[in-house]
Student: 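Starting off with a structure, shown below.
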Amino acid sequence: MTAMSPKSKATERNPEIFRQLPSVDEVLRLPAVVELVHQDGTAAVTDAARTVVARMREEIAAGRLDERALKLAVGSIEEAVVKQLRQVLEHSLRPVINATGVVLHTNLGRSPLAASVIDHIREAATCYSNLEFDLETGDRGKRDVHVQRLFAKLLSSDAGYDVETIVVNNCAAAVMVALNSLAEGGEVIVSRGELVEIGGSFRVPEVMAKSQAILREVGTTNRTRIADYERAITDKTRLLLRVHRSNFEIVGFTEQPPLAELAALGKKHKIPVMEDQGNGSLFDLRAVGVTNESGVGESLRAGVDVVTYSGDKLLGGPQAGMLSGRPELVRKIRSNPMFRALRVDKLTYAALEATLLLYLRGEHDSIPVLRMMRLSVEDIGKRAQTFLAHMRKLPTLEACILPGESIIGGGTTPGATLPTFLIALSCAGHRVEDCQAALRRNDPPVVARVEDGRVLLDLRTVLPEQESALLAAIQNISR
Ligand SMILES: *Cc1c(COP(=O)(O)O)cnc(C)c1O
């Protein structure tokens, strides 16, 4: 029973009104509701009916439903139950159209997966698998082997040794387990220019504290020299750490020793060097015109002993955090009980394995985020023109094509943009924020940028198969 609120005037005048409220049993006997029970089961429909009746009782008690309004509400109670049931039973996690032009949009799930990746996930999910079973010997195996072999192929020639890789839930977890395994109780030297917050409460000093390592800051915000690191080295030093500035830049009077110099210093003092590289790029970003950013291979080539990076940023795979590098260090991290707590499931291994196979085959364009980044501005311009040609017939919207910029995003490549063409919508007679909100409420929802009083749509991040749905969404809001 719902608690009664203080009696309102309507109910004081007419306590009889509650009697006109149907019981849940009566609602369940209505023909449309009986039909629903066949489709969606007794439990869910009863719950929906109960919710609808309780809501009406509250409305009466609060004085918001008088006798006439109640009669109307009772008359349409079947529709109310259907609506309530749909609301509960529909997925909360829904596909959206990303028209923002931000390729790795963290709030929109970062990287979509390739079709062959989905096939492999489906296989691994629906059947038993050899996840931890050696089919040769019949003995217990290790789940790492499925991707270890592929990372080794992709990274060992850069490193100059057989690279070992393990996988945890995300890059934040990778950093945490690495710091704890390699530096618990000891000092980790980091430049003051790299004490970053990546977002979502991932702050280097706090992660360090939680990992039970002691932060030893050196240098200044804008300039840190190799001598600053060297002076700070003591017998308590366990690790030299480089953190990629993934979401901001320091410009002007700046200095940071190259990775190779830091690696050489570590070697000289027999102290491991780790880089939180983050972006996970396994391909040459210069191919898309990004020149100030390097990949995982380059870090290993510079002599970094352990690199941590995400699976769903520039790698274009599932959410995951990788630790790649010197076998003895990676094995030490693997033996930490924290690794067991942070390990990933078979679906992630399946997704990673299938994504890495696309790299080995050189099929970069099958990886959605790589394809989006590699789209030429001319191709996007042509798509925008074709799109506009279909749109011209709309009454209340004005659209034109503007040159603009897509953003790689996701805490990678700060400041790096890709040239694009934008479809700019002016919504005659409506506030632009209302237009933007209407697109968001569409089914499927469309997420777009607003600038200078216009809604901007960047087709770079709209999957080709979503274009007709995007067109329909615009048609819906132009009514
Ligand atoms: C993105 C990023 C992280 C966090 O990665 P998640 O996979 O989201 O946990 C950590 N460090 C760096 C340098 C990053 O770029």
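Keep in mind that the numbers below use all heavy atoms, side chains included, and drop hydrogens, waters and symmetry copies. In this chain, numbering begins with 1 at the start of the sequence shown. Atoms within a ligand are numbered from 1 in the order they appear, just like the ligands themselves.
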Student: Taking CG in Asp139 as the centre, count heavy atoms belonging to other residues, nucleotides or ligands within less than 6.0 Å. Is the count above 12?
Tutor: yes
Student: Identify, by atom number and element, the atoms of ligand 1 in contact range of Ser310, meaning under 4.0 Å from any of its heavy atoms.
Tutor: 5 (O), 6 (P), 7 (O)
Student: Ignoring hydrogens and angles, tell me if any N or O in the side chain of Thr254 forms a donor-acceptor pair with the backbone of Asn222 under 3.5 Å.
Tutor: no
Student: What atoms in ligand 1 come closer than 4.0 Å to a heavy atom of Phe202?
Tutor: 10 (C)
Student: Could Glu132 and Lys142 be called an ion pair, given the rule that one side-chain N must be under 4.0 Å from one carboxylate O?
Tutor: no
Student: Using distance alone, with no hydrogens and no angle criterion, decide if Thr221 and Arg192 have a side-chain donor and acceptor under 3.5 Å apart.
Tutor: no
Student: Within the side chain of Ser111, is there an N or O that forms a donor-acceptor pair under 3.5 Å with the backbone of Gly317?
Tutor: yes
Student: Kindly confirm or rule out an N or O of His244 lying under 3.5 angstrom from an N or O of ligand 1.
Tutor: no
Student: Polar contacts were defined as any N/O atom of the residue lying under 3.5 Å from an N/O atom of the ligand; does this apply to Gly278 and ligand 1?
Tutor: no
Student: Should Ala172 be counted as touching ligand 1, given the test is an N or O pair under 3.5 Å?
Tutor: yes
Student: Could you work out, with side-chain contact (heavy atoms from CB on, under 4.5 Å) as the rule, every residue matching Lys382, not counting sequence neighbours?
Tutor: Asp379
Student: What atoms of ligand 1 come closer than 4.0 angstrom to any heavy atom of Arg110?
Tutor: 6 (P), 7 (O), 8 (O)
Student: May I ask whether Val243 places a heavy atom under 4.0 Å from ligand 1?
Tutor: no
Student: Can you find an N or O of Lys313 that's nearer than 3.5 Å to an N or O of ligand 1?
Tutor: yes
